[in-house]
Amino acid sequence: MLAPIQTIARPVSSILPAAGTLAAKRTFFAPSEVYNKKQVIITKKTGLDILNDPKLIKGSAFTADEKDRLGIRGLVPPRPQSLEAQYKRCKTNLDKISDPLEKFIFLNHLQNRNETLYYKMIIENFVELAPIIYTPVVGEACQKFHKIFTQTRGMYFSTADRGQMSAVAANWPYDDVDVIVVTDGSRILGLGDLGAGGMQIPIGKLTLYVCGGGINPRNVLPIVLDVGTNNKELLNDPLYLGMQHPRLQGEEFHAFVDEWVSAITDRFPKAVIQFEDFMMPNALDLLLKYKDQICMFNDDIQSTGAITLASVLATMRARGGSFADIKKETFLCLGAGSSGVGVCETIVDCIVAEGATREEAYAQFYMFDHKGLLGKGRDDLLPSQQVFMRKEIEGGKTPAELLKKIKPTCLLGLSTCPKLFNKEMLSFVASYCEKPGIFPLSNPTSRSECTAEEAVEFTDGNLIFASGSPFDPVEWKGKTIQTNQCNNSYSFPGIGLGLVSSRATRVPFETFQVCARVIASLGTPEMLATGKIFPDLDNLRAVSLEVGIEVAKMAERMNIATQFPPKGMDWREWLKHNMWQPEYPHIVVKNL
């Protein structure tokens, strides 16, 4: 059970502009449209076309009436079975597979065959299967994408499509798209440039949108922008499915993305667009370029920032303090890429919201990249990194050289380099800080800055632990130390639910502050006492609902919402109504 959302420091609304006059035209719906929960799909397909469509097929669940109406009598087994019976059969077969990648392939085939059954499988077993459909197993699936590929899903816009992207966008067969996840495959997790193989990331993220946020799977679209690859193995692999030339750079790259943005927003003007796994500086450049033009955000920079900020704020609560105590923290961040900068900027925004100046907030951070400290004399830094430069300390120094001077209370790992949170660092931080925040956030598990066991052992159990990939709780000296997954699967599904339900026209930075404060408030005192700062992932839909409600309210206050709850409904009822459930739809055949 979730704790009620608390206003522990300043109220969420205090970080938002004052509510303005609501849009003059509000979108309302007739009661019959609101309360008709049974999904109805209108199609012109019949016969084998129905059975070959993963969004329409019911397998053995078609009724006798449906078999006659749809022209499939004799094409499916005669005895109808329920979705529940299909699920049990499918789960039994899945449980016979031991290899994680083989489980991924099994689920991939199921998604391509029967989407409703696939999403029921994931929702019913979310904690078990989330690591299969997403991190860490999705990383291996991306690396081997061209070797395990059997059926296409989503869309590819390549360098061969320049000048005709509008025509390519028109090829998508569904007109209603609520959420798009797009990547160029240039920085997949901590694995680098995987080119077109990065398609598994948008597919996996959208599965989380559906299962965690209740977004309708008919209205999602995974996309790869194939601008080439600099991965030499892929350039020379005859099985590679993407464009085998070096990546577009500079003006060529931005012109390509400009054309795609224009084409895709013309085709799907209401869609929320999530940019995913773009390398720096492109990731930040695209965010700053489009954030005020279209409804978009960058997951690595902003969603990861939101859930990490939630981890920090919840740590304040676990220590018995308030959100305002974030102004007293000292952060050591390993990693200065798009995720590292995005996470730290999100935390800075929160510190400023609590009353500090931006300069005071930046002074709480010590950021390191592979060359050492971002400090005096580092003339190789991007503008986004320069604000974190410690001008009073010589650049290039290692964390070990500065550890005793810094005395951090929170360790942020976004380096993709394993074992950087070593015994010396962890034991030192735990020697002077009560419940330091230890956050090895790099994915997949093989890239984590430390394991949960290492963190607990080296801090002697004095910590709050949250990691990017999942780790089991740790038994230590007769007690169980809980672990937490600081994964943006807690943040973006609820954000998407709120944005789609309100038809927000933009995604302001305040969205991620609202999200973080909601999630950080959900842990009960009993949970916090064990080191558990977030609800279990099997409560993700409940978390997403709370996040979505506050995001929708924020959109209304900021006058960027264009759709509102019907008369007689509040935002909570409206969002609950909008959350898709894995149930077979009623299929109506019409000559469209």
Side-chain angles (χ1 to χ4, degrees), residues 23 27 41 55 115 119 153-157 161 165-184 198-199 201-225 256-278 283 286-287 289-303 488 491-508 511-512 515 544 547-548 551-552 554-555 558 560-564 574-575 578-580:
T27 303
I41 294 179
K55 299 181 186 300
E115 286 194 0
Y119 289 116
R153 174 169 286 271
M155 296 196 75
Y156 299 81
F157 291 78
D161 301 319
M165 288 192 195
S166 292
V168 175
N171 288 336
W172 187 248
Y174 306 103
D175 291 332
D176 294 327
V177 171
D178 290 334
V179 181
I180 293 168
V181 177
V182 60
T183 186
D184 70 346
M199 174 56 91
I201 296 295
I203 292 172
K205 289 283 187 179
L206 288 167
T207 292
L208 295 177
Y209 267 111
V210 174
C211 297
I215 303 299
N216 191 322
R218 288 182 61 85
N219 300 343
V220 301
L221 174 55
I223 291 178
V224 161
L225 303 183
F256 180 97
V257 178
D258 280 345
E259 184 186 352
W260 176 79
V261 167
S262 177
I264 211 70
T265 52
D266 282 347
R267 178 75 173 89
F268 308 113
K270 296 180 180 179
V272 177
I273 303 176
Q274 174 177 310
F275 282 66
E276 184 75 34
D277 285 352
F278 285 75
L286 294 175
L287 173 61
K289 182 173 186 177
Y290 296 119
K291 68 181 180 66
D292 295 323
Q293 300 179 31
I294 60 175
C295 188
M296 63 80 66
F297 66 97
N298 182 289
D299 185 51
D300 308 292
I301 295 174
Q302 295 173 291
S303 295
N488 49 20
S491 54
F492 68 81
I495 289 171
L497 176 63
L499 295 172
V500 170
S501 296
S502 64
R503 291 297 178 197
T505 57
R506 300 291 181 268
V507 189
T511 306
F512 305 94
C515 173
S544 296
V547 171
V551 168
M554 176 212 70
M558 297 187 71
I560 57 173
T562 61
Q563 176 174 277
F564 302 87
W574 179 231
L575 267 66
N578 286 339
M579 294 182 80
W580 180 85

Would you say [X] and [Y] make side-chain contact, with heavy atoms under 4.5 Å?
{"X": "Asp175", "Y": "Arg267", "value": "yes"}
{"X": "Ile223", "Y": "Ile264", "value": "yes"}
{"X": "Val168", "Y": "Tyr156", "value": "no"}
{"X": "Ser491", "Y": "Phe512", "value": "no"}
{"X": "Met554", "Y": "Pro508", "value": "yes"}
{"X": "Thr183", "Y": "Met199", "value": "no"}
{"X": "Phe492", "Y": "Gln302", "value": "no"}
{"X": "Val182", "Y": "Leu225", "value": "yes"}

Practice problem: Verify the neighbour count for atom NZ of Lys270: are there more than 12 heavy atoms of other residues, nucleotides or ligands below 6.0 Å? | Solution: no
- Query: Side chain of Glu276, backbone of Ile201: donor and acceptor closer than 3.5 Å?
  - Reply: no
### Task
Please confirm whether the backbone N or O of Ala561 pairs with a side-chain atom of Arg503, one donor and one acceptor, at under 3.5 Å?
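Judged by distance alone, no pair lies under 3.5 Å.
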Calculate, to the nearest 0.5 Å, the distance between atoms [atom1] and [atom2] belonging to [X] and [Y] respectively.
{"X": "Glu259", "Y": "Asp161", "atom1": "CD", "atom2": "CG", "result": "8.5 Å"}
{"X": "Arg506", "Y": "Gln293", "atom1": "CZ", "atom2": "CD", "result": "8.0 Å"}
{"X": "Trp260", "Y": "Asp184", "atom1": "CH2", "atom2": "CG", "result": "11.0 Å"}
{"X": "Phe268", "Y": "Ile273", "atom1": "CZ", "atom2": "CD1", "result": "10.0 Å"}

Counting only pairs under 3.5 Å, give me each side-chain donor-acceptor contact of residues 205-217, with atom names and distances, residues two or more places apart or in other chains.
from   : atom 1 : to     : atom 2 : distance (Å)
Lys205 : NZ     : Tyr134 : OH     : 3.3
Lys205 : NZ     : Asp299 : OD2    : 2.7
Lys205 : NZ     : Asn488 : OD1    : 3.0
Thr207 : OG1    : Tyr118 : OH     : 3.1
Thr207 : OG1    : Ile203 : O      : 3.2
Tyr209 : OH     : Gln274 : OE1    : 2.4
Asn216 : OD1    : Arg218 : N      : 2.9

Closest approach of [X] and [Y], non-hydrogen atoms and distance?
{"X": "Leu221", "Y": "Gly154", "result": "CD1-CA, 4.3 Å"}
{"X": "Phe297", "Y": "Ser303", "result": "CE1-OG, 3.3 Å"}
{"X": "Ser544", "Y": "Leu497", "result": "O-CD2, 3.9 Å"}
{"X": "Asp277", "Y": "Asp300", "result": "N-OD2, 2.6 Å"}
{"X": "Ala552", "Y": "Leu575", "result": "CB-CD1, 4.4 Å"}
{"X": "Ser501", "Y": "Asn578", "result": "OG-ND2, 3.1 Å"}

Original post:
Yes or no on side-chain contact (heavy atoms from CB on, under 4.5 Å) for Val272 and Val500, after CA distance, side-chain angles and deciding distance?
Top reply: CA-CA 7 Å; Val272 177; Val500 170; 4.1 Å; yes
Item to check | Whether Phe275 and Tyr290 hold their rings parallel, tilted or perpendicular, with breakpoints at 30° and 60° | outcome: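 Aromatic pair Phe275/Tyr290 classed parallel.
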Taken in chain and number order and not counting sequence neighbours, the residues that satisfy side-chain hydrogen bond (donor to acceptor under 3.5 Å, both in side chains) with Glu115 are Lys55, Arg153
* Show the numbers, then the answer: is there a side-chain contact (heavy atoms from CB on, under 4.5 Å) between Val507 and Leu499? => CA-CA 8 Å; Val507 189; Leu499 295 172; 3.8 Å; yes
